[in-house]
Amino acid sequence: MTQFRSELLQTLTARGYLHQCTDLAALDAKAAAGPITGYIGFDATADSLHVGSLVQIMMLRWLQRTGHKPVALMGGGTTKVGDPSGRDETRRLLDDAAIAANIASIQRSFMPFLTFGDGVTDARLVNNADWLDGLRYIEFLRDVGRHFTINRMLAMDSVKMRLEREQPLTFLEFNYMILQGYDFVELHKRHNCTLQLGGSDQWGNIVQGVELGRRMSETELFGFTCPLITTASGAKMGKTAEGAVWLKAERLSPYNYYQYWRNTEDADVGRFLKLFTDMPLDEIARLEKLEGSEINEAKKILALETTTLLHGRDAANEAAETAKRTFEQGGVGGDLPTILIPPAELAAGINVCALLTRAKLADSNGEARRLISGGGAKLNDQKIENDKVVVTDQALVDGIIKLSAGKKRHALVKVG
RNA sequence: GGGCGAGUUGCAGAGCGGUCAAAUGCACCUGACUGUAAAUCAGGCGACUUCGGUCUUCGGUGGUUCAAAUCCAUCCUCGCCCA
């Protein structure tokens, strides 16, 4: 894997980002010759990105760290259309205001990973609404549409899948690949962008852009995709008990983010260290070899490094400290989710089920009851034996009540 | 515009007048075993509950019936075929 001359491709391949590339040798030569500009498009369907997008962000990060210019493209325009790839159903359409709000929020997630500015290798944020919103239909059809044949579009996986499964595919969505292809051409024109990266599910869309570039402006553009990252057991990344693993701290606390990585499967540790941290490869090779319970050390490092990248060193250390106190010493960490109960209410007593629900450890009283009857609920590390227990201020230990659902989910109750 | 078919609890997908809060699979949660892992096994998985029940759900709305996810009408959405 060291046959590449460019640091970019050496790094990307060694760390496991390569899935497919339109022309590895040519891209290698170009990257070795000088800085190139590469971009990745991001959907604006939610107000925060989640771990699923992290591989993409890391690719941009490496692009920058190996001396090139990354462009993060916000899909302000394409989100109005909806990418049919990998979906059976049409995406819910968002209005302009929602999309604008999402973009504003998403942008902040890039800040810790990339250096922005106007320098040669400084990262840029671009919104494709800037050129897509103003398109004139007939003109666009004649200039761009004529380069696409329906024959080829029907052969696209995303299209075929819908048709084969007899799921609807609207003309609106059908246009998505054309717009994404056009993005590439436009970015090349505006920012001299010659490389598009993305997840393997974007391959079809990316290739369309590469070909469109050749037809419209006779330039060679490159496409590069990374594998779809799944856990060793085949599950898609990014789900926990609480839902998606968001990158925004408001959506998912640094502590929970840390825990997500801490709970990585054994078989994934090495791969994830390469993909999601900046650690040197020889160091990763050493950690990867750990076996049995020792691999937990590698997981702690993975969790600490990934959390540091996103939330900063201080927040990561705090999360690690809380995890250590909570799990290794059976104590109470200050970073756990906390709810406040008015003193009078606590003095009067609250049923445990209600309390578990309020601490968001259960969705309903019924679920709390089930949790208790299953033996999974704990109050100050003591198993709650029945759902009639009433919690009063007598349960306070140093002003805190610790509630647990299972071994991993904890919350604190304080008076306030 | 015409003909046919479909819309069920997170997803997939049974049910086709009472025994249906609704089979089964996946996902998810908890327990046991462990290493905050995986695998395996066990339990759970609409809400409320004085644990006897009560209430809300099967695209929407109105009917028929003692009784409807199941029958009828109508509307909406989607698919297939024809125009």
Side-chain angles (χ1 to χ4, degrees), chain A residues 84 86-93 159 161-173 230-245 255-273 287-304 306-307 319-333 335-336 351-354 356-357 359-379 381 383-388 390 402-411:
Chain A
R87 309 195 144 234
D88 258 2
E89 286 175 17
T90 306
R91 288 172 196 257
R92 194 167 50 97
L93 290 177
V159 175
M161 191 190 79
R162 285 277 185 95
L163 296 179
E164 275 165 15
R165 303 183 59 165
E166 298 191 355
Q167 295 294 323
L169 175 72
T170 61
F171 183 65
L172 177 74
E173 298 170 280
T230 55
T231 67
S233 7
K236 269 198 201 144
M237 284 196 66
K239 274 190 288 184
T240 65
E242 287 76 34
V245 181
Y255 169 74
N256 283 122
Y257 188 75
Y258 178 95
Q259 281 299 307
Y260 173 74
W261 293 104
R262 179 62 248 269
N263 287 315
T264 297
E265 294 174 29
D266 286 9
D268 289 327
V269 173
R271 197 159 52 100
F272 285 3
L273 279 168
L287 290 170
E288 215 173 358
K289 287 206 194 78
L290 296 173
E291 282 184 359
S293 58
E294 282 184 3
I295 200 156
N296 280 317
E297 291 311 310
K299 290 186 191 179
K300 282 183 205 165
I301 292 170
L302 172 66
L304 187 67
T306 49
T307 309
E321 184 56 30
T322 294
K324 191 177 169 191
R325 278 209 295 271
T326 309
F327 288 101
E328 294 177 23
Q329 296 160 9
V332 170
D335 212 15
L336 292 171
N351 176 274
V352 254
C353 294
L356 284 164
T357 309
K360 295 206 173 63
L361 293 177
D363 285 335
S364 63
N365 289 357
E367 191 178 311
R369 240 172 249 120
R370 270 177 245 129
L371 190 67
I372 292 168
S373 63
K378 295 198 195 75
L379 177 72
D381 296 313
K383 192 188 279 185
I384 300 170
E385 296 296 344
N386 73 72
D387 54 36
K388 303 290 191 304
V390 173
K402 182 186 179 192
L403 286 172
S404 311
K407 279 178 282 199
K408 294 184 202 166
R409 294 158 63 214
H410 307 279

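Reminder, nothing fancy here: chain letters follow the sequence lines and each chain counts from 1. All values reported here derive from a predicted model rather than from experimental measurement. Quick note: numbers below take in every heavy atom, side chains included, and nothing from hydrogens, waters or symmetry partners.
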> Below 4.5 Å, heavy atoms only, C-beta onward: do Val390(A) and Val352(A) meet side chain to side chain?
Replying inline: no

>> Work out how far the C1' atom of C76(B) is from that of G59(B), and round it to whole angstrom.
In response: 8 Å

>> Distance check, rounded to the nearest 0.5 Å: Asn256(A) atom CG versus Lys408(A) atom NZ?
In response: 12.0 Å

> Can you tell me the Watson-Crick or wobble partner of U36(B), both distances under 3.5 angstrom?
Replying inline: none

>> With rounding to the nearest 0.5 angstrom, report the NE2 to CG distance, His410(A) to Asp381(A).
In response: 7.5 Å

>> In whole Å, measure the gap between the P atoms of A39(B) and C28(B) for me.
In response: 10 Å

>> Does C29(B) have its OP1 or OP2 closer than 4.0 Å to a side-chain nitrogen or oxygen of Lys407(A)?
In response: no

> Nearest-Å distance, NZ (Lys324(A)) to C1' (U36(B))?
Replying inline: 15 Å

>> Both distances below 3.5 Å, Watson-Crick or wobble geometry, any strand: find the nucleotide opposite U77(B).
In response: A6(B)

>> Heavy atoms only, 4.0 Å cut-off, all strands: where does Ser373(A) land among base, sugar-phosphate and nothing?
In response: nothing

>> Can you build the contact string for nucleotides 41-47 of chain B? Use B for base contact, S for sugar-phosphate-only contact, and - for no protein heavy atom under 4.0 Å.
In response: ---SS-S

> A38(B) C1' sits how many Å from Lys408(A) NZ, rounded?
Replying inline: 11 Å

> Should Asn351(A) and Asn365(A) count as side-chain neighbours, where that means a heavy-atom distance under 4.5 Å?
Replying inline: no

> Expressed in angstrom and rounded to an integer, what is the separation of Ile295(A) atom CD1 from A38(B) atom P?
Replying inline: 13 Å

> Counting any heavy atom closer than 4.0 Å, what does Ala377(A) reach on the DNA or RNA strands: base, sugar-phosphate only, or nothing?
Replying inline: nothing

> Given the P atoms of G13(B) and U19(B), what is the spacing between them in whole Å?
Replying inline: 26 Å

> When rounded to the nearest Å, what value does the distance between C1' atoms of U70(B) and C58(B) take?
Replying inline: 10 Å

>> Could you tell me the Watson-Crick or G-U partner of U64(B), where both distances fall under 3.5 Å? Say none if there is no partner.
In response: none

> What interatomic distance, in whole Å, is found between P of U9(B) and the corresponding atom of A23(B)?
Replying inline: 12 Å

>> Using Watson-Crick or G-U wobble geometry with both distances under 3.5 Å, which nucleotide pairs with G31(B)?
In response: C41(B)

>> Here's a test of your reading of the structure: between Gly292(A) and Leu371(A), which maps to the more 5' nucleotide of RNA chain B?
In response: Leu371(A)

> On a whole-Å scale, what distance lies between the C1' atoms belonging to C45(B) and G25(B)?
Replying inline: 14 Å

> Within this structure, what is the CD1-to-P distance between Ile301(A) and U36(B), rounded to whole angstrom?
Replying inline: 17 Å

> With respect to the side chain of Arg409(A), which nucleotide from U30(B), G35(B), A38(B) is positioned closest?
Replying inline: U30(B)

> Reckon Gln259(A) touches a base, only the sugar-phosphate, or nothing at all at heavy-atom distances under 4.0 Å?
Replying inline: base

>> Checking base pairs now: Watson-Crick or wobble, both atom distances under 3.5 Å. What partners C51(B)?
In response: none

> Could you give the CZ-to-P distance, from Phe327(A) to G35(B), as a whole number of Å?
Replying inline: 15 Å

>> Without decimals, in angstroms, what is the distance between Lys388(A) NZ and C51(B) P?
In response: 7 Å

>> Run the side-chain contact (heavy atoms from CB on, under 4.5 Å) test on Leu304(A) and Arg262(A) for me, step by step, so that the C-alpha distance in whole Å, both residues' side-chain angles and the decisive distance to 0.1 Å come before the verdict.
In response: CA-CA 8 Å; Leu304(A) 187 67; Arg262(A) 179 62 248 269; over 6 Å; no

> Does a side-chain N or O from Arg369(A) land closer than 4.0 Å to OP1 or OP2 of C51(B), or not?
Replying inline: no

>> Would you measure the distance from the C1' atom in G17(B) across to the matching atom in U40(B) and give it in whole Å?
In response: 44 Å

>> Can you check the distance between C16(B) and U24(B), where both ends of the measurement are the P atom (answer in whole Å)?
In response: 16 Å

> What are the two closest heavy atoms between Val269(A) and Ala298(A), and how far apart are they?
Replying inline: CG1-CB, 3.7 Å

>> Which is more 5' along RNA chain B, the nucleotide nearest Lys300(A) or the one nearest Gly406(A)? Just name the residue.
In response: Gly406(A)

>> Listing request: all salt bridge (charged side-chain N to carboxylate O under 4.0 Å, His left out) pairs with a residue in residues 361-379 of chain A, at least two apart in sequence or in separate chains.
In response: Arg369(A)-Asp387(A)

> Does Lys300(A) have any side-chain hydrogen bond (donor to acceptor under 3.5 Å, both in side chains) partners at least two apart in sequence or in another chain, and if so, which?
Replying inline: Glu297(A), Glu328(A)

>> Could you tell me how far apart Tyr255(A) (OH) and U36(B) (P) are, to the nearest whole angstrom?
In response: 13 Å

>> From CD1 of Ile372(A) over to C1' of C29(B), roughly how many Å is that when rounded to an integer?
In response: 14 Å

>> Quick check for you: to the nearest 0.5 Å, what is the distance between Arg271(A) atom CZ and Asp268(A) atom CG?
In response: 5.0 Å

